[in-house]
Structures are given as C-alpha cells and as structure tokens.
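What follows is a short report on a single structure.
Because the structure is a prediction, the values reported are computed rather than measured.
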Amino acid sequence: MLRSLVGSEMCIRDRYQRRVRGSSLCNNMPSTAAIAGAIGGIGIQIFSNAARKVPLGRNPWMHVTLAAVGGFCGGKYTEWEAYENRALDEVAADFEKRKAMLHRN
C-alpha cells in the first residue's frame with residue numbers, strides 16, 4: 001500500500017503523523033509568532049536603512065509600523081496554522097475512511 005501512494009498523499013500522511021506525535025510550538029505559545037514577526041519587521045527596516053547607507057534610526061515611525069505589521073502577521077500565522085490543522089484532520093479522517101472501505105471490499 002505504501003508504495004502506491006503518490007507524493008502529495010505521502011506528504012499528508014507524514015504531516016499527520018508528525019502532528020499526532022507532538023503538538024505545535026505555536027499552539028503552546030501563541031505570542032512567540034507575534035514577537036518573532038515584530039522583531040522581523042524591525043529587522044527589515046534596519047536592513048533597508050543599512051542597504052541605503054542612511055542612519056539606522058532614520059524614520060523611526062517605520063520601525064514601529066513594520067513591527068506592528070510583523071506582529072499582526074505573526075499572530076495571524078497561529079490562526080492559519082489552526083485552520084490548516086483542522087483541514088488536515090478532515091483529510092486524514094477521509095483517508096482512513098477510504099482505506100477502511102478498501103479493506104472491507
């Protein structure tokens with residue numbers, strides 16, 4: 001049976017098995033993704049200033065804006081991950097149901 005799985009089915013199976021074995025870090029610590037996003041946003045602005053060879057602290061409102069955008073996106077990531085995990089559960093349940101039907105016949 002395992003040899004007949006195509007790449008996408010194997011990916012779904014492996015992802016499901018990983019999720020069953022251990023819970024996601026973002027589910028345990030939802031603020032981690034938001035903090036990482038905020039730090040990433042500030043880092044982007046500092047890198048942009050460095051690349052343009054202007055003082056790193058120039059346009060401080062951009063640091064705050066990009067930190068807020070990064071934090072928002074990091075917070076949304078945890079929601080997206082939860083949605084994807086629910087969809088994966090549905091696919092895995094359907095896969096198990098179809099596998100049971102094949103074995104029954």
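- Aromatic ring centres of Tyr77 and Trp80: separated by under 6.0 Å.
- Counting only heavy atoms from C-beta outward, the side chains of Asn49 and His63 approach each other to under 4.5 Å.
- The distance from atom CD of Glu81 to atom CG of Leu88, rounded to the nearest 0.5 Å, is 11.0 Å.
- For the side chain to side chain contact (heavy atoms under 4.5 Å, CB included) criterion with Ile42, the lone passing option out of Ile39, Ile44, Ile46 is Ile46.
- Formation of a donor-acceptor pair under 3.5 Å by the Arg58 side chain with backbone atoms of Val54 is not found in this model.
- For Arg98, the CZ atom sits in a loose shell: 12 or fewer heavy atoms of surrounding residues, nucleotides or ligands are nearer than 6.0 Å.
- One finds the NZ atom of Lys76 at 14.0 Å from the OH atom of Tyr83 (value rounded to the nearest 0.5 Å).
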